[in-house]
Amino acid sequence: MAQISLTFPDGNSRDYDAGITPADVAASISNSLAKKAISATVNGEHHDLQWPIEGDASIAIHTLKDDDQALELIRHDCAHIMARAVQEIWPDVKVTIGPVRDNGWFYDFDREEPFTPEDLGAIEAKMKEIINARDAVRTEVWDREKVRAHYEASGEPYKVELLDRIPGDEPIRMYWHGEWMDLCRGPHLQHTGQVPADAFKLMSVAAAYWLGDNTRPMLQRIYGVAFKNRDDLKKHLNFLEEAAKRDHRRLGREMDLFHMQEEAPGQVFWHPNGWTVYTELQDYMRRKQRAGGYVEVNTPQLVNRRLWEESGHWEKYQEHMFIVEVDEDHAREKAVNAMKPMNCPCHVQIFNQGLKSYRDLPLRMAEFGSCARYEPSGALHGIMRVRGFTQDDGHIFCREDQIEEETAIYIDYLTSVYQDLGFPEFRVKFSDRPETRAGSDEVWDKAEEALLKATRAAGIEPEMNPGEGAFYGPKLEFVLTDAIGRDWQCGTHQVDFVLPERLDATYIAEDGAKHRPVMLHRACLGSFERFIGILIEEHSGKLPFWLAPRQVVVASIVSEADDFVHEVVDALKAAGVRAEADIRNEKINFKVREHSVGKVPAILAIGRQEVENRTVTLRRLGEKQTSVVPLDEVVQSLAAEAIAPDLR
RNA sequence: GCUGCUGUAGCUCAGGGGUAGAGCACUCCCUUGGUAAGGGAGAGGUCCGGAGUUCAAAUCUCCGCAGCAGCACCA
């Protein structure tokens with residue numbers, strides 16, 4: 001038999017017979033390693049222990065100590081064990097796919113009846129039985145036709161379809177967990193007992209379209225999470241509990257920021273506190289925009305359908321637009337208008353007024369543009385995904401050869417805004433041409449290349465997001481995450497060769513002839529609504545001082561202090577701090593608790609001593625200890641803190 | 001939009017075919033208390049909307065609306 005040489009992570013190598021499995025390699029090293037081994041990385045690829053090695057290779061044997069591999073295997077085996085449990089309880093249920101995801105896995109089933117919470121309990125119990133049985137996991141490579149015959153005979157149409165989607169040259173692997181078998185690429189553990197029985201939990205059941213396609217059947221998806229041990233599971237469940245407390249919908253109510261109601265689904269009623277955050281943020285953005293060389297404009301809410309037809313939005317997005325038909329007295333025909341779902345066509349109208357020279361370019365035009373989109377009901381989510389919102393929108397009209405520089409300038413601008421707002425880190429995605437799009441392939445080639453080049457020149461290597469671009473051009477997405485880790489696109493930067501063409505935007509170039517400008521669509525926050533939602537969750541409601549709606553509460557300890565309380569409040573207000581008095585007939589304990597819950601960053605307590613010495617006792621949110629500070633000093637330091645970061 | 005779940009006081013929730021419940025919040029009274037809930041009293045409800053079943057519906061059924069989770073969508 002041929003000999004092969006395997007090289008271990010420590011650099012040593014040993015010779016083995018060709019075709020040896022990692023399990024045998026582990027056994028050749030020590031009995032304990034053979035028992036603890038869960039998988040192996042061979043030539044950089046993660047395989048299970050039964051995978052034969054045919055040639056010289058590098059090899060690393062993994063145990064539960066290797067987090068990445070262990071968690072992947074535990075979760076993947078959980079998916080199989082769960083599918084087996086489901087089919088043991090309900091043999092008629094059809095299985096589909098069950099990938100590892102986030103902190104666990106999901107598995108999609110086709111079953112008439114939806115799973116109930118009680119069902120989940122039963123499945124969990126059955127899974128524990130399977131784990132405790134320590135059933136061996138084994139694998140075989142099967143001939144494609146044998147797999148097809150098997151799944152056709154056992155009535156598993158989804159598996160047959162999956163089989164057909166596997167490229168022709170890939171070997172088809174079947175995996176057994178005990179007697180239960182599934183088509184799978186692997187790798188898997190050695191036996192079911194290697195899954196910790198007390199470190200997984202079935203979380204929820206929800207529906208999902210087969211293959212993510214809304215024209216295909218809906219399946220029942222069960223989500224689970226799994227970890228290496230019970231403590232990690234507990235930590236995760238605890239994290240979710242804590243994250244729920246940071247939910248912007250909950251904090252929005254607790255901090256009295258905003259509310260929403262049935263009569264205006266997907267639209268925000270901003271309360272005084274919330275509107276303070278909003279306007280503070282808007283003032284900041286307005287200053288940043290001016291400093292960034294933008295001119296600010298404002299355009300109509302309600303625009304005749306004609307413009308949307310010209311821009312192409314009517315054709316593509318009519319279903320998602322709020323249509324307003326005006327039947328004026330004596331009018332021969334109805335005027336059909338739409339609430340603007342975005343601002344770009346309106347900005348082109350402003351650009352098109354008068355003749356523009358190449359000297360005017362790049363022309364950076366910004367608007368706090370209120371938009372309305374009829375979002376699908378299921379998409380609405382607090383103030384993060386709404387039907388009425390305001391973008392910090394902007395369009396840069398420029399020459400093709402200015403795209404790269406303008407993109408670099410913009411990325412710089414966005415970075416400084418995100419930095420100021422407490423997001424030094426953010427993710428960038430690059431989305432290229434979608435299937436349905438406007439514009440020729442040559443134009444798309446140009447746009448994609450220019451954008452990508454500029455992004456890389458700015459020192460960013462974006463995540464690729466194939467086919468996700470806008471219909472008129474490729475885009476960069478700047479992504480932030482909410483309390484439980486869901487992605488939200490906030491900023492965006494898009495190259496558009498199409499709209500200037502459709503709306504006939506031109507400028508006079510040096511050659512005296514009309515030329516077509518390129519349009520860069522960009523939003524930094526995205527929408528105020530979404531960004532404030534993210535801000536709330538990111539800071540758990542404890543907004544930076546300059547953004548906090550209620551910055552200081554001055555609380556009396558005894559009523560004799562009331563006059564001085566008002567004096568302190570007045571002094572703070574005069575210095576530009578949002579301060580309010582609390583002279584209610586309540587104990588200081590009560591007041592401290594209430595304003596702490598309300599996320600007020602600074603509480604100043606005033607009792608007899610403070611009145612006498614003209615001091616205040618300052619307590620910062622989240623801190624236990626207090627400090628006694630002279631009035632002048634506290635006014636000065638809090639006033640300094642209230643200044644927005646761009647003005648410091 | 002799709003699947004499932006939910007909708008009872010301002011909030012969080014219990015209850016459940018026949019007088020509507022709690023805690024917190026609110027109002028009033030007592031209390032002037034030194035850093036996360038002082039004590040007492042009171043007021044507060046179209047039980048999401050509509051239809052049906054029933055002697056009787058907040059409760060059961062159906063249809064809507066809204067919210068939640070996931071999927072799909074996101075100019």
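Residue numbering restarts at 1 for every chain, and letters A, B, ... go by the order of the sequence lines. FYI, side chains are in, hydrogens and waters are out, and symmetry mates aren't considered; it's all heavy atoms of this structure. This is a predicted model, so every value here is computed, not measured.
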Would you call Arg584(A) and Glu594(A) a salt bridge, taking side-chain N to carboxylate O under 4.0 Å as the test? yes

Tell which nucleotide pairs with rG17(B), taking only Watson-Crick or G-U wobble pairs whose two distances are both under 3.5 angstrom. none

Asp562(A) CG to rG33(B) P, straight-line distance once rounded to whole Å: 13 Å

Reckon Thr617(A) touches a base, only the sugar-phosphate, or nothing at all at heavy-atom distances under 4.0 Å? base

Residues which pass side chain to side chain donor-acceptor pair (under 3.5 Å) with Glu241(A), listed by chain and number, not counting sequence neighbours: none

Counter-base of rU12(B), judged by Watson-Crick or G-U geometry with both distances under 3.5 Å: rA22(B)

rA56(B) versus rC13(B) - spacing of their C1' atoms, nearest Å: 28 Å

Paired with rU46(B): which nucleotide, if any, by Watson-Crick or G-U wobble criteria at under 3.5 Å for both distances? none

Atom CG of Asn589(A) and atom P of rG39(B) are separated, to the nearest Å, by 12 Å

Between rC68(B) and rG50(B), how many Å separate the two C1' atoms, rounded to a whole number? 23 Å

What contact category does Gln220(A) fall into here, base, sugar-phosphate, or nothing, at under 4.0 angstrom with non-hydrogen atoms? sugar-phosphate

Considering Watson-Crick and G-U wobble pairs with both distances under 3.5 Å, what does rU27(B) pair with? rA41(B)

Treating primed atoms plus P, OP1 and OP2 as sugar-phosphate and everything else as base, which nucleotides of nucleotides 66-75 of chain B get B, S or - for protein heavy atoms under 4.0 Å? SSSSBBBBBB

Say we look at rU8(B) and rA58(B): how far apart would their C1' atoms be, to the nearest angstrom? 7 Å

Between CZ of Arg608(A) and P of rU35(B) the distance, given in whole Å, is 15 Å

Residues which pass side chain to side chain donor-acceptor pair (under 3.5 Å) with Tyr418(A), listed by chain and number, not counting sequence neighbours: none

How long is the line joining CD of Glu586(A) and P of rC30(B), in whole Å? 14 Å

Could you give the distance separating rG7(B) and rG49(B) at their P atoms, to the nearest angstrom? 13 Å

Would you call Arg305(A) and Glu309(A) a salt bridge, taking side-chain N to carboxylate O under 4.0 Å as the test? yes

Is there any salt bridge (charged side-chain N to carboxylate O under 4.0 Å, His left out) pair reaching into residues 618-631 of chain A, and which pairs are they, with sequence neighbours excluded? Arg620(A)-Glu641(A)

Looking at the angle O4'-C1'-N9-C4 for a purine or O4'-C1'-N1-C2 for a pyrimidine, is rU12(B) syn or anti, with syn meaning within 90° of 0? anti

Could you tell me how far apart Ile583(A) (CD1) and rG33(B) (P) are, to the nearest whole angstrom? 17 Å

What I want to find out is whether Asp504(A) reaches Arg516(A) closely enough, with some N-O distance under 4.0 Å, to be called a salt bridge. yes

Base partner of rU61(B), which must satisfy Watson-Crick or wobble distances under 3.5 Å: rA51(B)

Residue matched to rA36(B) through Watson-Crick or wobble contacts both under 3.5 angstrom: none

For atom C1', what is the distance between rG44(B) and rG34(B), given to the nearest Å? 35 Å

Rounding to a whole Å, what distance do you find between His595(A):NE2 and rA25(B):C1'? 14 Å

Glu242(A) meets the side chain to side chain donor-acceptor pair (under 3.5 Å) criterion, sequence neighbours left out, with Lys245(A)

Classify the nucleic acid contact of Lys591(A) as base, sugar-phosphate or nothing, counting any heavy atom under 4.0 Å across all strands shown. nothing

Take Phe200(A) and His236(A) through the test ring-ring contact (aromatic ring centres under 6.0 Å, His included) and record every step on the way to the result. CA-CA 10 Å; Phe200(A) 76 91; His236(A) 177 70; over 10 Å; no

List the residues meeting side chain to side chain donor-acceptor pair (under 3.5 Å) with Gln551(A), not counting sequence neighbours, and say none if there are none. none

Using a 4.0 Å heavy-atom cut-off, does Glu610(A) contact any base of the nucleic acid, only the sugar-phosphate backbone, or nothing at all? base

Among the candidates rA36(B), rG38(B), rC11(B), find the nucleotide nearest to the side-chain atoms of Phe590(A). rG38(B)

Nucleotide forming a Watson-Crick or wobble pair with rG1(B), both distances under 3.5 Å: rC71(B)

Could a donor-acceptor pair under 3.5 angstrom be found where the side chain of Thr626(A) meets the base of rU35(B)? no

Short heteroatom pairs, N/O only, protein and nucleotides 41-46 of chain B, under 3.5 Å:
none

Mind checking what makes salt bridge (charged side-chain N to carboxylate O under 4.0 Å, His left out) contact with Arg253(A), not counting sequence neighbours? none

Value in whole Å for how far the C1' atom of rU3(B) lies from CG of Asp119(A): 15 Å

Arg250(A) side chain N/O closer than 4.0 Å to the phosphate oxygens (OP1, OP2) of rU12(B)? no

Euclidean distance for P, rC5(B) against rA41(B) (whole angstrom): 43 Å

Has Lys587(A) got a side-chain N or O lying under 4.0 Å from the OP1 or OP2 atom of rG34(B)? no

Give me each pair satisfying salt bridge (charged side-chain N to carboxylate O under 4.0 Å, His left out) with a member in residues 341-351 of chain A, each pair once, sequence neighbours excluded. none

Can you check the distance between rG45(B) and rC29(B), where both ends of the measurement are the C1' atom (answer in whole Å)? 26 Å

From CG of Asp582(A) over to P of rA36(B), roughly how many Å is that when rounded to an integer? 15 Å

Start at the 5' end of RNA chain B and walk down; is the nucleotide closest to Gly607(A) or to Leu219(A) reached first? Leu219(A)

Taking NZ, NE, NH1 and NH2 as the nitrogens, is one of them in Lys599(A) or Glu254(A) under 4.0 Å from a carboxylate oxygen of the other? no

Pick the P atom in rC62(B) and in rA72(B), then give their distance to the nearest Å. 29 Å

